[in-house]
Amino acid sequence: MRQTEPVILDELSVPIVLAPMAGGPSTPELTAAVSAAGGLGLLAAGYLTATDTAARLAATRELTTAPFGVNLFTPGPAAAPEDFADYLAELRRTHEVGVPKYDTDEWDAKLELLTDAPVAVVTFTFGCPSATEVARLHEAGSEVWVTVTSAAEGRIAVEAGADVLIAQGAEAGGHRGTFIDRVADDATDPLTLLALLQILNATVDRPIVATGGITTGAGIAAALAAGAAAVQLGTVFLRSPEAGTNPVHRAALGADTPTMLTRAFTGRRARGLRNRFMDEHSATAPAAYPEIHYATAPLRAAARAAGNPDDVNMWAGQTHTLAPELPAGELVRTLAADAKTALTTALSGRIQSC
């Protein structure tokens, strides 16, 4: 299936998309600021009720008339209680642990909301919606974008009717967008962004938005040169005043702390700033999302309240130390100008003729 219809990417004045960043950093103010600056703001609906999502949609529409999008978590299968019982027992020896539970993040209610009050783009993480669900959003007037981490996932998304693929490299902060999350696959190296871009460009015929480890204009230029139609940036906005980043997380971003992939906090693999909790529990953490996410919620909340960076998830990409403290709109404009300069500089370099 060849993509022949124009997409909103063609209309953006700058090829920058805001990563949704569920769980706190995503706010209507941040979403609106990125869209108003010529990029595409995405609002995270993950972990929100449909009612709260509707309120944030309304707030964003009050702040800007520019197009924006919404991100949904595609629900996966429930984990068997015996798969995570030992891990919970381990955590209970040193921490207050909540009740593990499975839910679909109000999937049906949010789809209903977005067909009744459509936005320009609906993006999906953790899997691909069905062809019927994609068609439903198309009929409402929304584009459908799907986060993929491999060529196989890209083909599934194209088959379902996705308009755009979001290529998530291993460098990206936050949860991996893999369709199937298994501990057995952790030994396999996830594709870096540059590798994934090359593979997808040779495999599928859809516009690609690149995400993972991009925090500078030069990084944007590199992704565009590798075939991306735009970039999706998250970590670089975490220190913006419009972001709802909690103080513990915000303060830690400036330090030269390494990142690592872990499923210790949520039961799903994610990249964050390395801390004691990751070191002590990553080796035994099961694949059980969202069950472990709910179980660790009390200990993470207590750590944030106490200003304790050792027991809280601080999602961040590999280039987090380069994230500036700038208002989101100013940051979009600065990054766009720097990317243009980087592309011009690269093209002006001498290439020997064949």
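The same ILVMFWY cluster, assembled from side-chain heavy atoms under 4.5 Å apart, contains both V332 and L343. Under the 4.5 Å side-chain heavy-atom criterion for Ile, Leu, Val, Met, Phe, Trp and Tyr, M314 and L261 are members of distinct hydrophobic clusters. In terms of hydrophobic clustering, with Ile, Leu, Val, Met, Phe, Trp and Tyr side chains grouped at heavy-atom distances under 4.5 Å, V144 and L111 are assigned to a common cluster. When the side chains of ILVMFWY residues are joined at heavy-atom separations under 4.5 Å, either directly or via intervening members, L194 and I208 end up in two distinct hydrophobic clusters. Side-chain heavy atoms closer than 4.5 Å link hydrophobic residues (I, L, V, M, F, W, Y) into clusters, and following such links, possibly through other members, connects V146 to I156.
Taking the side chain as every heavy atom from C-beta outward, E106 and D103 never approach each other to under 4.5 Å. Counting only heavy atoms from C-beta outward, the side chains of T31 and T27 never approach each other to under 4.5 Å. In this structure, the side chains of P309 and N275 stay at 4.5 Å or more apart for every pair of heavy atoms. You'll find the side chain of L9 stays beyond 4.5 Å of the side chain of P15, heavy atoms only.
Under 4.0 Å is where a charged nitrogen must lie from a carboxylate oxygen, and between D163 and R206 no such pair does. Residues D105 and K110 are paired through a salt bridge, judged by an N-O separation under 4.0 Å between the basic side chain and the carboxylate. Between R182 and D185 there is a salt bridge, since at least one side-chain N of the basic residue sits less than 4.0 Å from a carboxylate O of the acidic one. A salt bridge links D181 to R263: one of the charged nitrogens lies within less than 4.0 Å of a carboxylate oxygen.
Looking at every heavy atom in both residues, A342 comes nearest to A221 through CB-CB, 3.7 Å. Contact detail for A79 and A287: the closest heavy-atom pair is CB-O, 4.2 Å.
Using a distance-only test at 3.5 Å, with no hydrogens or angles considered, no donor-acceptor pair links the side chain of E143 to the main chain of A120. Using a distance-only test at 3.5 Å, with no hydrogens or angles considered, no donor-acceptor pair links the side chain of E11 to the main chain of I8. Under a 3.5 Å cut-off, the side chain of E153 and the backbone N or O of F179 do form a donor-acceptor pair. Using a distance-only test at 3.5 Å, with no hydrogens or angles considered, no donor-acceptor pair links the side chain of R239 to the main chain of P324. One N or O on the side chain of S35 and one on the backbone of P67 form a donor-acceptor pair closer than 3.5 Å. Looking at N201, its side chain does come within 3.5 Å of a backbone N or O of L197 through a donor-acceptor pair. In this structure, S142 contributes its side chain and H138 its backbone to no donor-acceptor pair below 3.5 Å. Put simply, the side chain of R176 gets close to the backbone of G169: a donor and an acceptor are under 3.5 Å apart. With hydrogens and angles disregarded, no donor-acceptor distance shorter than 3.5 Å links the side chain of T149 to the backbone of G177. A donor-acceptor contact shorter than 3.5 Å links the side chain of S348 to the backbone of T345.
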Notebook entry, point to check: Given R300 and H293, is the side chain to side chain donor-acceptor pair (under 3.5 Å) satisfied, shown in steps?
Noted result: CA-CA 10 Å; R300 289 183 283 124; H293 162 76; 3.3 Å; yes

Next item on the list: Evaluate the criterion side chain to side chain contact (heavy atoms under 4.5 Å, CB included) for residue pair L233 and I220; output intermediate values, then yes/no.
Entry: CA-CA 9 Å; L233 311 179; I220 294 171; 4.2 Å; yes

Next item on the list: Take L114 and L137 through the side chain to side chain contact (heavy atoms under 4.5 Å, CB included) test and state the conclusion after the steps.
Entry: CA-CA 8 Å; L114 292 171; L137 290 167; 4.3 Å; yes

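Partners of P28 under the side-chain contact (heavy atoms from CB on, under 4.5 Å) rule, at least two apart in sequence or in another chain, are L43, R56, A59, T60, L63. Judged as a side-chain contact (heavy atoms from CB on, under 4.5 Å), and not counting sequence neighbours, D108 has no contacts. Under the side-chain contact (heavy atoms from CB on, under 4.5 Å) criterion, A33 pairs with E242, A328, sequence neighbours left out. With sequence neighbours excluded, the residues that form a salt bridge (Lys or Arg N to Asp or Glu O under 4.0 Å) with R136 are E112. Remark: E330 pairs with no residue by the salt bridge (Lys or Arg N to Asp or Glu O under 4.0 Å) rule, at least two apart or across chains. Listed by chain and residue number, nothing satisfies the salt bridge (Lys or Arg N to Asp or Glu O under 4.0 Å) test with D86 (two or more places apart in sequence, or in another chain). Applying the side-chain hydrogen bond (donor to acceptor under 3.5 Å, both in side chains) test to T64 and every residue at least two apart in sequence or in another chain returns nothing. Applying the side-chain contact (heavy atoms from CB on, under 4.5 Å) rule to A151 yields the partners R155, I199, T203; only residues at least two apart in sequence or on another chain are considered. Residues passing the salt bridge (Lys or Arg N to Asp or Glu O under 4.0 Å) test with R271: none are found, sequence neighbours excluded.
Counting Ile, Leu, Val, Met, Phe, Trp and Tyr side chains that sit under 4.5 Å apart, directly or through other members, F126 shares a hydrophobic cluster with Y47, F73, Y289. If you chain together ILVMFWY residues whose side-chain heavy atoms come under 4.5 Å of each other, L48 ends up in a group of its own. Think of F265 as one node in a network of Ile, Leu, Val, Met, Phe, Trp and Tyr side chains linked at under 4.5 Å; its network also takes in F84, Y87, L88, L91, V97, M260, F277, M278, I292, L299, W315.
Side-chain atoms of H320 and T259 form no donor-acceptor pair, as typed in the model, at a separation below 3.5 Å. Looking at E171 and T192, their side chains never bring a donor and an acceptor atom within 3.5 Å of each other. Between the side chains of N71 and T125, at least one donor-acceptor pair of N or O atoms lies under 3.5 Å. No donor-acceptor contact under 3.5 angstrom links the side chains of W145 and Q232, judged on distance only.
To the nearest 0.5 Å, atom CG of residue L57 and atom OG1 of residue T53 are 7.0 Å apart. Once rounded to the nearest 0.5 Å, the distance linking CG of L322 with CG of L253 reads 11.5 Å. Rounding to the nearest 0.5 Å gives a distance of 10.0 Å between CD of E280 and OG1 of T284. The CD atom of Q168 lies 9.5 Å from the CG atom of L193; values are rounded to the nearest 0.5 Å. Annotation: the span from F68 atom CZ to L40 atom CG amounts to 9.5 Å, rounded to 0.5 Å. Atoms CD and OG1, on E291 and T266 in that order, are 10.5 Å from each other to the nearest 0.5 Å.
Results of the side-chain contact (heavy atoms from CB on, under 4.5 Å) test with P20 over L42, V70, T147 single out L42 as the only residue that passes.
The environment of CD in E62 is sparse: at most 12 heavy-atom neighbours from other residues, nucleotides or ligands sit within 6.0 Å.
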